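The structure appears right after this line, and notes come after that.
What's counted below: heavy atoms across the whole structure, side chains too, no hydrogens, waters or symmetry copies. Quick caveat, the model's predicted, so the values are computed rather than measured.
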Amino acid sequence: MITVIITEEGPVAIKADGALKEYEVLCVVHGATTREEAFAAVKNQVPEKINGLEYDGCRFEKFSKESMEISATYVESEDDDELGTDPSGSSSNNQVSFDLSAGSERVMRGKEKPVTSKGAPEAGGLIGWNGKHGSAADFAGVEVVSGVMRISYQKRWSPAQLNAAYIRVLAEAFGSVNSKPFNGWKAGEALFIGASYSGNASGSKKVTVTYNFGIRINEGKKVEVNGVKVDHEKEGWEYVWAIAETKAEKGKLPAVVVSGVYIEKLYSKVDFGRLKI
């Protein structure tokens, strides 16, 4: 049987105007075999609020013979103190940082129909064709500068809120794109590439969790490759590819003809509102 005895309590921080900022209750726990059991017992024993301050968690103090000393801490309430209380997931206490830098990628088609010399063979909108057809045809493409954007959001949580259920939400969202507008980004533009934090697994001190996203802007127009159209507006993290074949009719220059255009959805979609940031 686990018993909790409150031995001491009082303020640990007071504002300049005399109002309480932080309050602690020291408890001695008998019968608990682990710290987690002791924390749970203290939480069940102490009140949720004291003098207008809200319960914020437990902190292990020390072992005392066959018991443990645990402090329950109370602090001023914040908007983000309870996971899921804000359906929008927004918080004025969040911080954001981003990096937009130059990268490169190899592209196989141009954005528009190319300007060509008179009589040049039709390359089908593809770049770097060697002019041959059949199995000998080759398309080199070209390396171009591309924007690489990474944005990070930071949010403060109490360790108790970062439980297995919430960490599972993060794991399920990893490698997915936003199914709904998210922090100013349209659906399909933000890719969740991980989250991190380090700190105590329990206690009253809040920890900072960093959430990282890759950003690619939606094109906002229907896809077209060499006159072949797809009735779909490409989203940022979708991938476009095409089947091209060469034709060499007798008495005419060889030409490349696009016979099919495909838009691939490479990532699952998730409602990032579940992340609560």
Side-chain angles (χ1 to χ4, degrees), residues 1-86 89 91-97 152-174 194-212 274-277:
M1 180 179 179
I2 300 176
T3 59
V4 177
I5 301 174
I6 297 175
T7 60
E8 186 180 346
E9 62 178 276
V12 294
I14 299 176
K15 295 181 180 181
D17 61 4
L20 284 176
K21 184 177 182 180
E22 190 171 344
Y23 194 91
E24 285 188 357
V25 177
L26 180 62
C27 303
V28 176
V29 182
H30 299 276
T33 58
T34 65
R35 294 186 184 186
E36 289 71 22
E37 285 184 352
F39 290 155
V42 169
K43 184 178 180 181
N44 290 333
Q45 179 72 23
V46 299
E48 293 184 1
K49 290 187 178 183
I50 292 180
N51 297 324
L53 302 181
E54 292 188 357
Y55 172 81
D56 190 49
C58 291
R59 181 179 67 250
F60 176 80
E61 299 294 351
K62 64 180 180 180
F63 287 104
S64 179
K65 295 183 179 180
E66 296 181 357
S67 61
M68 300 183 209
E69 291 189 8
I70 306 292
S71 289
T73 301
Y74 294 79
V75 298
E76 293 179 290
S77 62
E78 297 181 12
D79 289 340
D80 62 340
D81 269 353
E82 291 298 331
L83 176 62
T85 55
D86 182 0
S91 171
S92 59
N93 296 320
N94 290 358
Q95 296 184 7
V96 61
S97 62
S152 298
Y153 301 97
Q154 293 184 328
K155 183 172 180 178
R156 300 277 291 170
W157 296 96
S158 64
Q161 294 171 291
L162 301 175
N163 53 30
Y166 181 67
I167 294 174
R168 184 179 183 86
V169 168
L170 299 182
E172 291 173 347
F174 178 78
S196 63
Y197 94 99
S198 61
N200 294 330
S202 60
S204 61
K205 289 187 177 181
K206 292 194 173 184
V207 297
T208 300
V209 180
T210 301
Y211 305 81
N212 302 310
R274 299 177 63 200
L275 305 181
K276 305 300 179 185
I277 57 177

Item checked: Which residues share a side chain to side chain donor-acceptor pair (under 3.5 Å) with E36, sequence neighbours left out ->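 Side chain to side chain donor-acceptor pair (under 3.5 Å) list for E36, sorted by chain: empty.
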Check: Are K155 and V209 close enough, and set up right, to give a side-chain contact (heavy atoms from CB on, under 4.5 Å), and what steps lead you there?
Finding: CA-CA 5 Å; K155 183 172 180 178; V209 180; 5.6 Å; no
Spacing of [atom1] belonging to [X] relative to [atom2] belonging to [Y], to within rounding of 0.5 Å:
X: L170; Y: R168; atom1: CG; atom2: CZ; answer: 12.0 Å
X: R59; Y: E24; atom1: CZ; atom2: CD; answer: 4.0 Å
X: Q154; Y: I277; atom1: CD; atom2: CD1; answer: 11.0 Å

Item checked: E37 side chain to T33 backbone, donor-acceptor under 3.5 Å ->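 Pair found, side chain donor or acceptor close to backbone of T33.
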Taking all non-hydrogen atoms of both residues, which atom of [X] and which atom of [Y] are closest, and how far apart?
X: Y166; Y: L275; value: OH-O, 2.6 Å
X: Y197; Y: T208; value: CB-O, 3.3 Å
X: A72; Y: Y55; value: CB-CE1, 4.0 Å
X: M68; Y: A32; value: CE-O, 3.6 Å
X: E22; Y: V75; value: CG-CG1, 4.0 Å
X: V4; Y: V42; value: CG2-N, 4.1 Å

Show me the side-chain donor-acceptor pairs of residues 5-16 shorter than 3.5 Å, one per line, residues at least two apart or across chains.
unit_1: T7; atom_1: OG1; unit_2: L26; atom_2: O; d: 3.4
unit_1: E9; atom_1: OE1; unit_2: Y23; atom_2: OH; d: 2.8
unit_1: K15; atom_1: NZ; unit_2: E76; atom_2: OE2; d: 2.4

Check: What's the verdict on side-chain contact (heavy atoms from CB on, under 4.5 Å) for L20 and Y74, showing C-alpha distance, side-chain angles and the deciding distance?
Finding: CA-CA 10 Å; L20 284 176; Y74 294 79; over 6 Å; no
Notebook entry, point to check: Going through the distances and angles, do F60 and I70 end up as a side-chain contact (heavy atoms from CB on, under 4.5 Å)?
Noted result: CA-CA 5 Å; F60 176 80; I70 306 292; 3.7 Å; yes
Note to self: Is a donor from one side chain sitting under 3.5 angstrom from an acceptor on the other, for S71 and E61?
What the structure shows: yes
